[in-house]
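Input: a single structure, listed below in structure tokens.
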2 protein chains.
Amino acid sequence: MKKLVETSTEEKIMEAAKEVFMKYGLYGARMQDIANTAGINKALLHYYFRNKEKLFDKVFEGALQKYFQQMDVFSDSSLPIKERVFKYVDNILLFLSEYPQMSIFIIKEFSINPELFREKVQAVKRDKAVRLIQALEEEMAAGKIKKIDPVLFLFKHALKAQGKDWNKDFSQEKLNLSVKKFVEFSLGK
Amino acid sequence: MKKLVETSTEEKIMEAAKEVFMKYGLYGARMQDIANTAGINKALLHYYFRNKEKLFDKVFEGALQKYFQQMDVFSDSSLPIKERVFKYVDNILLFLSEYPQMSIFIIKEFSINPELFREKVQAVKRDKAVRLIQALEEEMAAGKIKKIDPVLFLFKHALKAQGKDWNKDFSQEKLNLSVKKFVEFSLGK
DNA sequence: TTTGTGTTTAACTATATGGTTAAACCATTA
DNA sequence: TAATGGTTTAACCATATAGTTAAACACAAA
């Protein structure tokens, strides 16, 4: 059947593109390299995904989707807020250990072109992060959690989940800025 | 005076190259971009540093030097081993927060070409890491610290310094693999 | 078998990129 | 002033790279 071959080739390209883009970034990746990795002719890349940037976008979108999907925990209002936060942080930690390349990749691409990056992210993220922030703000208003900047709140809890304590063990200067940047980016700050 | 202008241009190139290479990596960086960032003609890059790889090597060597220099704490045998470990981990944390790009950069370049990377590192690292391991093994033999794999030992202490506990809060699977890779790389494993 | 359609390829083009060269520049010194 | 030598530049070259095209291929329907 034709359809099967179709999806298979497209999948092969996507997998190869993912691998190469993650490794070298948008600028560093070579179309020929992607084609070789996928075991196909270079022209096929353009047949399936018009050009380099469109291919990159597709790969990127997939990666981001997986990442932002995890914010959906916050929509489950049956769970107490702290449970949700814990679950979310737990998922993120798992995600980061499952895709070590991806976290670095996202941080890198973000640092290369924050504006373009943010723009591309918007389409995927939609209101997920907004809803997350809203959920936190509601709980703050209800007095269930302390009133602080939601980003800071999430960051502190991410630290806490790892057994760190913001006040005791960490000073602002000693934080790994990448992690901070990453959390900030996630929330669209 | 000529000497002043000379060093200034070379410095400008080094600074620009550092910035661009850190951002885009060896493959992604463009010589023209480096020249523009330094505010000089592209040919000057080749005048001062023959070719792209040699320039990269110089930048890279500088970065690694700063990093591995911190292992020298272990040569100061007047301090108890635990003090040395603490001081070392402290320095590394400070280094990582001072140069957030660099840590990611090193991890990336390492993942792109481990063999070449290791090779380049050898020249800078020399016996620093060896001495570090030796110091740990000596203390282990003397019964001052528990007998475990020195790499694992250092990794655990790096976690501890951040308030994390290997056994309680972390499972092998949940660890951010990048951090583990980075520590392992540092010691030449 | 022939036709039609979607897939794949080899060969090509235009441009970007790393690198070279010869000449210009400029401060020092004979 | 003229010569010297390190520094800088514009213009160039060869190759790599993204992207295009026309033709071949494969397979299903007529």
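We name chains A, B, ... by the order of the sequence lines, and we start the count at 1 in each one. Because only heavy atoms are used, hydrogens play no part in the values below, and waters and symmetry mates are left out as well, while side chains stay in.
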Residue A:Ala43, side-chain heavy atoms: nucleotide from C:dG19, D:dG6, C:dT9 that is nearest: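 Shortest atom-to-atom distance from the side chain points to C:dT9.
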
B:Tyr47 side chain, from C-beta outward: closest of C:dT9, D:dT8, C:dG6: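 That would be D:dT8.
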
D:dT8 phosphate, OP1 or OP2, under 4.0 Å from B:Tyr48 side-chain N/O: yes

Any A:Thr9 side-chain nitrogen or oxygen under 4.0 Å from OP1 or OP2 of C:dT7: no

Under the side chain to side chain donor-acceptor pair (under 3.5 Å) test, residues paired with A:Ser77 that sit two or more places apart: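 By the side chain to side chain donor-acceptor pair (under 3.5 Å) rule, A:Ser77 matches no residue at all.
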
With sequence neighbours excluded, residues passing side chain to side chain donor-acceptor pair (under 3.5 Å) with A:Asp57: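 Only A:Lys120 meet the side chain to side chain donor-acceptor pair (under 3.5 Å) criterion with A:Asp57.
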
B:Glu19: partners by salt bridge (charged side-chain N to carboxylate O under 4.0 Å, His left out), with sequence neighbours left out: none

Steps toward side chain to side chain contact (heavy atoms under 4.5 Å, CB included) verdict (B:Leu55, B:Ile34): CA-CA 11 Å; B:Leu55 175 55; B:Ile34 296 174; 4.1 Å; yes

Expressed as a whole number of angstroms, how long is the span from [X]:[atom1] to [N]:[atom2]?
X: B:Glu10; N: D:dG6; atom1: CD; atom2: P; value: 14 Å
X: A:Ile40; N: D:dC25; atom1: CD1; atom2: P; value: 19 Å
X: A:Asn36; N: C:dA10; atom1: CG; atom2: P; value: 12 Å
X: A:Phe49; N: C:dT8; atom1: CZ; atom2: P; value: 12 Å
X: A:Asn51; N: D:dT21; atom1: CG; atom2: P; value: 14 Å
X: A:Leu26; N: D:dA18; atom1: CG; atom2: C1'; value: 12 Å
X: A:Asn41; N: D:dA18; atom1: CG; atom2: P; value: 14 Å
X: B:Ile34; N: C:dT17; atom1: CD1; atom2: C1'; value: 12 Å

Side-chain atoms of residues 24-33 of chain A: list all donor-acceptor pairs with protein atoms under 3.5 Å, sequence neighbours left out, distances to 0.1 Å.
| residue | atom | partner | partner atom | Å |
| --- | --- | --- | --- | --- |
| A:Arg30 | NH2 | B:Tyr27 | O | 3.2 |
| A:Gln32 | NE2 | A:Asn36 | OD1 | 3.1 |

A:Arg84 side-chain N/O to A:Leu79 backbone N/O, donor-acceptor pair under 3.5 Å: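 The answer is yes, because a donor-acceptor pair under 3.5 Å joins these two groups.
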
Test ring pair (Phe, Tyr, Trp, His ring centres under 6.0 Å) applied to B:Phe56 - qualifying residues, sequence neighbours left out: B:Phe21, B:Phe60

Distances under 3.5 Å between nitrogen or oxygen atoms of protein and nucleotides 15-17 of chain D:
| residue | atom | partner | partner atom | Å |
| --- | --- | --- | --- | --- |
| D:dT17 | OP1 | A:Arg30 | NH1 | 3.0 |

